[in-house]
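Here the structure is laid out as structure tokens; the discussion comes afterwards.
Given the structure is predicted, the values throughout are model-derived calculations rather than measurements.
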Amino acid sequence: MRKYIVANWKMNKTIGEAVDFAKKVKAVTLGIDENFVICPTNICLKSVADELKNSKIKVGAQNCYKESHGAYTGEVSPAMIKDAGCDYVIIGHSERRQIFGETDELVNQKIKLAIENGLNVILCIGETLEQKENYKQVLKAQLQTALDGVDANGENLIIAYEPVWAIGTGKVASIEDIKNVHAYIKQVAYNELKYLPPVLYGGSVKPNNAKEILELDDVDGVLIGGASLDVNSYVEIATRR
Ligand code: PGA
């Protein structure tokens, strides 16, 4: 089964650097049969999507707003993201939640509008270090609110499990924890959606730990931050399984 290899560049790369990456990644992924998705900053979306138009690599935004248009200075709507040539959008990343105060209710509104506009959503959930003991409760609450009333069809919603304490820290969840948590997420998501969405792991995924993680049956792919900024390390992750 193909796995998702998703790059979250966060606030990195100029347009020139992003297009340069896109050119290279097209060439080096030619013989690799995985679902590649690259999420640059909004200002790079159109240029990267144009560069990757006739390739198998899809492009996604890192966030969107919950309204289609209007007086929302600085925000971008799902329709605009789609218009830029994207197929995906990340919603509810822990940096959005922690730095910009996004709530599960806002995440839910964004997901609904993104799906209505034909985008595939990558919904991020995850517990903080303090919540680690109660991860089931935390993840269940995040999922139930975020997915409330969401009309997902099996292809347009992906869940990314990203323990907050593992993001950008070099600390990866143990293989045993990833197995257990992914199985739990699938169970809760199935109750909400009535089908099993793909579940990705994110948090300090690197070429040297990707193989073990991607080999797990309940892991349908990875969401990569730091290690996705370099084209070789990004592609190396996809080839390590
Ligand atoms: P990281 O980030 O791979 O740098 O830990 C992952 C993410 O935030 O999606």
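- The cluster map of Ile, Leu, Val, Met, Phe, Trp and Tyr, joined by side-chain heavy atoms under 4.5 Å apart, puts V222 and V89 in the same cluster.
- Contacts of Q62 classified as side chain to side chain donor-acceptor pair (under 3.5 Å), with partners at least two apart in sequence or in another chain: none.
- Residues in residues 38-47 take part in these side chain to side chain donor-acceptor pair (under 3.5 Å) pairs, two or more places apart or across chains: K46-D50.
- The backbone N or O of L214 sits less than 3.5 Å from a side-chain atom of K3, completing a donor-acceptor pair.
- K186 pairs by the salt bridge (Lys or Arg N to Asp or Glu O under 4.0 Å) definition with D218, D220, not counting sequence neighbours.
- Side-chain N or O atoms of T239 include one that pairs as donor or acceptor with a backbone N or O of V235 at under 3.5 Å.
- In this structure, the side chain of D83 does not engage the main chain of A79 through any donor-acceptor pair within 3.5 Å.
- The hydrophobic clustering, which links ILVMFWY residues whose side-chain heavy atoms are closer than 4.5 Å, places L52 and L119 together.
- In this structure, Y201 contributes its side chain and A173 its backbone to a donor-acceptor pair below 3.5 Å.
- Each ring pair (Phe, Tyr, Trp, His ring centres under 6.0 Å) pair with one or both residues in residues 72-96, not counting sequence neighbours, appears once here: Y65-Y72.
- Y184 places a side-chain N or O within 3.5 Å of a backbone atom of K136 that can act as its donor or acceptor partner.
- Evaluation of the side chain to side chain donor-acceptor pair (under 3.5 Å) rule for K23 yields no partner, not counting sequence neighbours.
- Formation of a donor-acceptor pair under 3.5 Å by the S228 side chain with backbone atoms of G225 is found in this model.
- In the hydrophobic clustering of this structure, L45 groups with W9; members are Ile, Leu, Val, Met, Phe, Trp, Tyr whose side-chain heavy atoms approach within less than 4.5 Å, directly or through other members.
- By the side-chain contact (heavy atoms from CB on, under 4.5 Å) test, K66 is found to be paired with L106, Q109, K110, residues two or more places apart in sequence or in another chain being considered.
- K82 pairs by the side chain to side chain donor-acceptor pair (under 3.5 Å) definition with nothing, not counting sequence neighbours.
- With T29 contributing its side chain and I32 its backbone, the two residues share no donor-acceptor pair below 3.5 Å.
- Listed by chain and number, the residues in a side-chain contact (heavy atoms from CB on, under 4.5 Å) with E192 are Q144, L147 (sequence neighbours excluded).
- L129 is linked by a side-chain contact (heavy atoms from CB on, under 4.5 Å) to K132, W165, counting only residues two or more places apart in sequence or in another chain.
- Applying the salt bridge (Lys or Arg N to Asp or Glu O under 4.0 Å) criterion to E127, with sequence neighbours excluded, gives no partner residue.
- In this structure, N156 contributes its side chain and I115 its backbone to no donor-acceptor pair below 3.5 Å.
- By the side-chain contact (heavy atoms from CB on, under 4.5 Å) test, T14 is found to be paired with E17, residues two or more places apart in sequence or in another chain being considered.
- Side-chain atoms of K171 never come within 3.5 Å of backbone atoms of G203 as a donor-acceptor pair (strictly under, hydrogens ignored).
- Residues that satisfy the side chain to side chain donor-acceptor pair (under 3.5 Å) test with D230, not counting sequence neighbours, are absent from this structure.
- The CG atom of D87 sits 11.5 Å away from the CD atom of E155 when rounded to the nearest 0.5 Å.
- Note on V25: it clusters hydrophobically with V205, by side-chain heavy-atom contacts below 4.5 Å among ILVMFWY residues.
- The side-chain contact (heavy atoms from CB on, under 4.5 Å) with V172 is formed by just one residue from the set N208, D177, N209; it is N209.
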